[in-house]
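One structure is given below, encoded as structure tokens.
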Protein chains: 2
Amino acid sequence: MIPRHPHRTEDCRAVSDILQRVGDKWTVLVVGKLGDGSMRFNELRHAIGGISQKMLTTTVRGLERDGFVTRTVFPTIPPRVEYELTDLGRELLVPVYALGEWARLNQRRVAEARMKFDAAVE
Amino acid sequence: MIPRHPHRTEDCRAVSDILQRVGDKWTVLVVGKLGDGSMRFNELRHAIGGISQKMLTTTVRGLERDGFVTRTVFPTIPPRVEYELTDLGRELLVPVYALGEWARLNQRRVAEARMKFDAAVE
DNA sequence: AGCGCGAGTATCCAATGGATACCAGTTTTC
DNA sequence: GAAAACTGGTATCCATTGGATACTCGCGCT
């Protein structure tokens, strides 16, 4: 099944870093939505649903910082801000989707294990 | 209004869930180490390095709960507790390694984007 | 004058992350 | 014979983060 990798701790750290980067509550949702094309702030907000302004701001700012999205301000009245994935962002989507696919397929197994464990602890 | 997005939000949530599950500071390190074979508590602790007892306990307990590792207690003196990946855990490693590989290859690009951003904000 | 829009800050409180100290039983060391 | 150390853990505490709510700012509408 699994090719046996040499597990260098430093490499694991890199994995850990990127996973932490991407592993918060909103990041993948934002990146996923932006995968469909560029979006404005509130458009994104409504598309995701349940995210507060502050969290969306922090999330997109972080993604911009790491080079995953671009932020373009049109100085119109009222202001208009477009967010779009960069090439790096789109490339990131590939492994993220692979993990997502795994998650989708194995959701049930995890849920079952969890129920079993919680029942045993009781 | 009808969402025009091919990315169903519920699927993105599943991705987000599993990423949050796996996206904390220690989980991938633990799973990565266990990828080499079963390990005892302190063995794991030293192999990882820098993790506190409490965090290792919480991490492995969480992984056990979700069915990614098994925990076997040998009632010897002194006690001996072995942790080992389940099939589910080993399967999870596949997409996680894919993401890890991406992370390893693109570390530099992210770091550069970050430096550029920080310099611009300044 | 007052309201609302768009894209944010500012403020505050709750939840979490994580370091440190402590527990229990046995064996080793001084 | 007392102290320490090994095993795998809790318990406690504080700093950081997550996130809801309220406010800002420039403007156009009524």
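Within every chain, numbering begins at 1; the chains are lettered A, B, ... in the order of the sequence lines, protein sequences first and strands thereafter.
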Is the side chain of [X] donor-acceptor paired with the backbone N or O of [Y] at a distance under 3.5 Å, no angle test?
{"X": "Asp24(A)", "Y": "Thr27(A)", "result": "yes"}
{"X": "Ser38(A)", "Y": "Glu82(A)", "result": "no"}
{"X": "Arg45(A)", "Y": "Ile51(A)", "result": "yes"}

Between C1' of dG8(D) and CZ of Arg40(B), the distance in whole Å: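 Going from Arg40(B) (CZ) to dG8(D) (C1'), I get 9 Å.
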
Kindly point out which of [options] is positioned nearest to the side chain of [X]?
{"X": "Val81(B)", "options": "dG8(D), dG18(C), dG19(D)", "answer": "dG8(D)"}
{"X": "Ser52(A)", "options": "dG19(D), dT7(D), dA7(C)", "answer": "dG19(D)"}
{"X": "Asn42(B)", "options": "dT21(D), dT7(D), dT12(D)", "answer": "dT7(D)"}
{"X": "Met55(A)", "options": "dG18(D), dG26(D), dG8(D)", "answer": "dG18(D)"}
{"X": "Gln53(B)", "options": "dC22(C), dT11(C), dG8(C)", "answer": "dC22(C)"}

Arg104(A) with Glu101(A): basic N within carboxylate O range, under 4.0 Å: yes

Touch class at under 4.0 angstrom, heavy-atom based, for Arg71(A) against every strand present: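 Touches sugar-phosphate only.
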
Short side-chain N/O contact to dG8(C) OP1/OP2 from Thr57(A), under 4.0 Å: no

Below 4.0 Å: OP1/OP2 of dT9(C) and any side-chain N or O of Arg61(A): yes

